[in-house]
Amino acid sequence: MLGKDLLGIEDLERPEIERILETAQRMTEIGTRDVKKVPTLRGRTVVNLFFEPSTRTQTSFEIAGKRLAADVVNFSTAGSSLSKKESILDTAKTLDAMDPDCVVVRHKVAGVPKRIADVLEAPVINAGDGAHEHPSQALLDMLTVFQQKDRLDGLTVAIIGDIAHSRVARSNIYGFGKMGAEVRIAGPPTMLPADVETLGVKAYCSLREVLDGADVVMALRIQRERLEGACFPSVREYAATFGLDRAKLRYAKDDAIVMHPGPVNRGVELSHDLADHRPSVILDQVRNGVALRMALLYLISGRPRTRAESPQE
Ligand code: ASP
C-alpha cells in the first residue's frame with residue numbers, strides 16, 4: 001500500500017487512490033472542529049521545498065501538517081545556499097540529513113521530485129513538477145467530485161483549456177480514468193498534448209461537443225509561464241471559444257459542477273459569475289486540499305521509518 005514516495009497518479013493503483021480518498025474524507029471532520037488539531041504526527045517533521053511559486057498547495061500542506069501536530073518547515077529558496085549556487089540535490093541531501101519525515105517538492109522542471117526522491121531517505125511528495133504531474137491536486141479534485149456525485153465510476157469529466165502545459169490535467173486524466181470515469185479534453189489544437197491518444201482520452205475542438213452529457217466541467221488556467229510562443233490568436237478569442245459562462249454551461253448536464261484548480265484568470269477561463277457561484281465548487285476544492293494533504297502526510301510520513309546508517313558513523 002503506497003510506496004515510499006508519491007510522485008504521480010500514474011504510479012497509483014485504484015485501491016491506493018480509494019484508500020487516500022477515504023482517509024481524506026475522514027480528515028475533513030477535523031477541519032470543522034473548534035480546535036483543529038490532533039496529535040497524530042506529533043514529533044514528525046515535514047519540509048516544504050518549493051522552488052516555484054504556490055499559494056494553495058504550499059499553504060495547505062503547511063496547514064495540513066500543523067493540524068496533525070507535525071513540525072512544518074517552509075524552506076525558502078530565496079535566502080538559501082541555492083543563491084550561492086548549491087545544487088538542488090545537495091540542498092535536498094542537506095535537508096535530508098536533518099531527518100525530516102517527509103519532503104514536499106515543487107519545481108518548474110518535470111522529473112525533479114523524482115531525482116530528489118531517488119537520493120533522499122525521507123519520503124517525497126510531488127507538489128507539482130513542470131507540466132508533468134500534480135498528484136495531490138488530482139486527488140483533491142476526485143475527493144470533491146465524489147462528495148458532490150457520490151461516485152466517480154461512470155461519470156463524464158470534461159477538462160477544458162491548456163491541457164498540454166497542465167500537470168493538473170495529466171494527473172486528473174490518470175486519476176479519473178483509473179477510477180472508471182470517462183475523461184474528455186478540449187482546447188485550441190496547439191494546447192492539446194501530442195500524446196493525447198496514449199492518455200486514453202478523447203479530444204474535442206468545440207465546447208459544445210465536449211460538454212454534451214458532462215457531469216463535471218474542469219476549466220484550466222492558461223499556463224503563460226510554460227507557453228513558448230503564442231498558442232492562440234488572442235485572449236479574447238480564447239475566452240469567446242473556450243471560456244465558460246452560464247450560457248455555454250447549458251450544453252452540459254443540468255446538474256454539472258464546475259471546477260478550476262486556481263489561480264483563475266477571471267473572464268478568460270471562467271466568467272466572474274461562474275468563478276464565484278454554484279455550480280462552481282472551487283472553494284470546496286481548496287477546502288478539501290487541506291484534508292487531502294492531511295491524508296497524504298498521515299499515510300506517507302506517519303509510517304515507522306528505519307533509517308539507514310550514516311556512512312560517517
Ligand atoms: N495551481 C495549479 C498548479 O500549480 C494550477 C495552475 O497553476 O494553473 O499547477
Side-chain angles (χ1 to χ4, degrees), residues 6-10 48-64 74-75 77 104-114 116 124-145 157-176 183 185-188 190-193 199 216-228 231-232 235 238-239 242-244 258-270 274-275 280-293 296:
L6 176 63
L7 299 173
I9 303 288
E10 189 179 11
N48 271 336
L49 188 52
F50 279 60
F51 298 97
E52 205 192 32
S54 171
T55 301
R56 292 154 200 76
T57 309
Q58 182 166 355
T59 314
S60 60
F61 266 113
E62 181 174 357
I63 294 177
N74 286 313
F75 176 84
T77 51
V104 182
V105 180
R106 168 171 286 194
H107 198 279
K108 66 174 190 227
V109 177
V112 168
K114 160 110 180 75
I116 291 179
V124 170
I125 298 178
N126 177 9
D129 60 330
H132 175 228
E133 280 231 40
H134 192 349
S136 62
Q137 176 72 45
L139 288 161
L140 74 87
D141 289 341
M142 288 186 265
L143 177 65
T144 307
V145 172
V157 179
I159 307 182
I160 296 156
D162 185 3
I163 316 285
H165 304 96
S166 170
R167 52 197 176 206
V168 176
R170 193 166 283 270
S171 290
N172 269 315
I173 288 170
Y174 290 131
F176 280 100
V183 183
I185 58 172
T190 45
M191 288 183 169
L192 297 182
L199 290 173
V216 176
V217 185
M218 187 182 294
L220 297 177
R221 185 176 67 88
I222 296 172
Q223 309 276 303
R224 291 177 211 254
E225 70 276 30
R226 284 187 252 285
L227 296 182
E228 273 143 27
C231 282
F232 51 94
V235 169
Y238 179 89
F242 290 103
L244 265 184
V258 174
M259 309 179 76
H260 193 298
V264 177
N265 290 310
R266 285 167 176 267
V268 181
E269 301 108 28
L270 286 182
L274 265 191
S280 147
V281 294
I282 295 172
L283 293 181
D284 303 56
Q285 291 172 266
V286 176
R287 197 167 296 114
N288 282 330
V290 176
L292 188 283
R293 287 166 179 132
L296 291 181

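For ligands, and for the atoms within them, numbers begin at 1 and follow the listed sequence. One-based numbering along the sequence shown.
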R167 contact mode with ligand 1 (heavy-atom cut-off under 4.0 Å): side chain
Side-chain H-bond candidate by donor/acceptor type, T144 with Q285, under 3.5 Å: no
Minimum non-hydrogen distance to atom 2 (C) of ligand 1, winning option of A131, P263, G262: G262
R106, portion touching ligand 1 at heavy-atom distance under 4.0 Å: side chain
Considering all heavy atoms, the nearest V105-F51 contact: CG1-CE1, 4.3 Å
Separation of D129 CG from E52 CD (nearest 0.5 Å): 9.5 Å
Those atoms of ligand 1 less than 4.0 Å from some heavy atom in R221: 6 (C), 7 (O), 8 (O)
Residue pair E133 / N126, side-chain donor-acceptor N/O under 3.5 Å: no
Least distance between heavy atoms, R106 atom then R167 atom: CZ-NH2, 3.4 Å
Ligand 1-proximal atoms of V168, by part, heavy-atom distance under 4.0 Å: side chain
